[in-house]
Amino acid sequence: MSENRPHVETLAIQGGYRPKEGEPRQAPIYQSTTFHYDTSETMGQLFDLERSGYFYTRLQNPTNDLTAAKLAEMEGGKYGMLTSSGQAANFFAVFNICEAGDHFIASSAIYGGTYNLFGTTMKKMGIECTFIDQDITDEELDKLFRPNTKCLFGETVTNPTVSVFDIERFANIAHKHGVPLIMDNTFATPVNCRPIEWGCDIVTHSTTKYIDGHGVSVGGAIVDSGNFDWTAHADKFPGLTTPDESYHGLTYTEKFGDAAFITKATSQLMRDLGSIQSPQNAFYVSLGLESLSARMRVHCENGRKVAEFLNNHPKVAWVSYPDLESDKYHDLQQKYLPGGSCGVMCFGVKGGRQKSIDFMDELKIVSIETHVADSRTCLLHPASHTHRQMSDEELLAAGVAPDLIRLSIGLENVDDIIADLEQALEKA
Ligand SMILES: *Cc1c(COP(=O)(O)O)cnc(C)c1O
């Protein structure tokens with residue numbers, strides 16, 4: 001990282017869009033499907049990727065690109081793009097370098113939606129994913145790499161089990177096998193951790209969570225560090241290093257250098273799969289980024305107080321929150337997220353599954369929602385909600401106990417949140 005690079009709080013406000021003389025201070029919403037050109041020749045060059053410019057919002061839109069550029073700067077990456085959802089971001093990030101017959105490796109503790117995408121839907125496309133325990137040894141992991149393995153995937157702080165990924169260790173292993181490390185940084189956000197600084201190559205986000213922060217827009221993003229040398233492992237990544245017949249035989253790495261990955265994801269996958277974020281939502285994401293660092297500070301402060309309260313409560317069986325000194329992941333949290341992990345934690349109420357459900361039904365301020373990581377304190381019972389497609393065996397493999405409650409601490413006054421939890425625990 002350059003010594004002159006501004007801090008993430010500054011980039012959140014000033015990054016991406018730098019207006020010129022007389023231009024709007026806030027990046028405008030380009031609510032337009034198409035863009036005007038004077039000659040047929042110019043338009044033709046755009047379609048040949050001979051010239052850069054906007055032509056159709058299914059592929060690219062200026063509002064999206066300005067927002068993505070800001071997020072990329074915050075992550076310490078080089079290139080970014082927005083997608084319609086976090087699901088689309090993770091799919092695009094992996095599918096951009098994997099095709100039928102390929103294999104990749106992912107942590108089994110990742111978000112349930114991503115687990116289904118990798119383990120079920122992508123399997124139907126002929127792409128196989130091996131899921132690993134994050135506590136796996138280097139030697140065991142080495143043995144899982146095959147000649148057709150194309151990437152390693154993890155989440156900085158996993159949803160819902162809040163396990164911290166040992167980024168540096170996994171980046172080294174991935175690189176030893178000639179593949180990139182892709183990481184979903186949704187829960188940590190670039191305010192709390194920038195995986196690229198630890199060797200990660202590609203970062204993804206569900207912007208739906210803390211980045212939007214107010215529960216108003218579903219969206220995703222991909223940021224490329226520009227660091228992974230695709231041509232050094234050209235045989236593994238033919239999609240980037242050999243001619244694309246759908247662009248008259250152009251080769252992404254030759255033509256676009258370190259922008260090859262994002263250019264292919266935009267001009268090929270976005271063209272064909274059309275999972276663009278709307279410019280209106282991209283504007284909300286940009287606004288969310290502006291206040292992200294101030295909000296994350298409160299999410300983490302409130303989170304620590306609530307985790308300590310729960311940890312000391314006689315009716316609570318266990319609490320997982322990496323910021324707690326007693327937590328299994330505390331050392332990794334201190335290394336990668338010293339300012340705080342996020343506002344999400346997990347816990348179980350003594351008496352098991354039914355007691356946890358009884359407790360949730362007594363809450364008044366804290367609401368039951370299929371959402372997480374925004375301004376409102378909310379909770380969810382993964383075994384009966386998000387993870388209900390998973391068998392008990394798969395649940396346990398993903399580290400999701402049947403009594404596990406995922407609690408996401410919002411921006412309300414923390415005394416009110418604690419008082420609500422306390423009265424519900426008393427009644428349950
Ligand atoms: C929510 C979430 C996703 C999926 O994002 P959507 O925007 O809901 O599609 C992916 N990864 C993580 C870590 C998430 O929390």
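For the numbers below, each heavy atom of this structure counts, side chains included, while hydrogens, waters and symmetry mates do not. In each ligand, atom 1 is the first atom listed, and ligand 1 is the first ligand listed.
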Distance-only donor-acceptor pairs under 3.5 Å for side chains of residues 147-156, two or more places apart:
unit_1: Asn148; atom_1: ND2; unit_2: Gly101; atom_2: O; d: 2.8
unit_1: Thr149; atom_1: OG1; unit_2: His103; atom_2: ND1; d: 2.7
unit_1: Thr149; atom_1: OG1; unit_2: Arg146; atom_2: N; d: 2.7
unit_1: Thr149; atom_1: OG1; unit_2: Arg146; atom_2: O; d: 3.2
unit_1: Lys150; atom_1: NZ; unit_2: Asp102; atom_2: OD1; d: 3.0
unit_1: Lys150; atom_1: NZ; unit_2: Asp102; atom_2: OD2; d: 3.1
unit_1: Lys150; atom_1: NZ; unit_2: Lys236; atom_2: O; d: 3.0
unit_1: Glu155; atom_1: OE1; unit_2: Tyr111; atom_2: N; d: 3.4
unit_1: Glu155; atom_1: OE1; unit_2: Asn159; atom_2: N; d: 2.9
unit_1: Glu155; atom_1: OE2; unit_2: Tyr111; atom_2: N; d: 2.6
unit_1: Thr156; atom_1: OG1; unit_2: Asn185; atom_2: OD1; d: 2.7

Pair Phe35-Tyr30, ring pair (Phe, Tyr, Trp, His ring centres under 6.0 Å): steps then yes or no:
CA-CA 10 Å; Phe35 300 83; Tyr30 289 85; 7.4 Å; no
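- For the ring pair (Phe, Tyr, Trp, His ring centres under 6.0 Å) test, no residue two or more places apart in sequence or in another chain qualifies with Tyr284.
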Tabulation required: pairs of a nitrogen or oxygen in ligand 1 and a protein nitrogen or oxygen under 3.5 Å; columns are atom names and distance to 0.1 Å; otherwise 'none'.
unit_1: ligand 1; atom_1: 5 (O); unit_2: Ser206; atom_2: OG; d: 3.0
unit_1: ligand 1; atom_1: 7 (O); unit_2: Gly86; atom_2: N; d: 2.9
unit_1: ligand 1; atom_1: 7 (O); unit_2: Ser206; atom_2: OG; d: 2.8
unit_1: ligand 1; atom_1: 7 (O); unit_2: Thr208; atom_2: OG1; d: 2.6
unit_1: ligand 1; atom_1: 9 (O); unit_2: Gly86; atom_2: N; d: 3.0
unit_1: ligand 1; atom_1: 9 (O); unit_2: Gln87; atom_2: N; d: 2.9
unit_1: ligand 1; atom_1: 11 (N); unit_2: Asp184; atom_2: OD2; d: 2.6
unit_1: ligand 1; atom_1: 15 (O); unit_2: Asn159; atom_2: ND2; d: 2.8
unit_1: ligand 1; atom_1: 15 (O); unit_2: Lys209; atom_2: NZ; d: 2.6

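- Ring centers of Tyr115 and Phe131: under 6.0 Å apart, within the cut-off.
- A search for salt bridge (charged side-chain N to carboxylate O under 4.0 Å, His left out) contacts involving Asp65 returns nothing, not counting sequence neighbours.
- Ring geometry for Phe47 against Phe55 counts as tilted: the plane angle lies between 30° and 60°, on a 0 to 90° scale.
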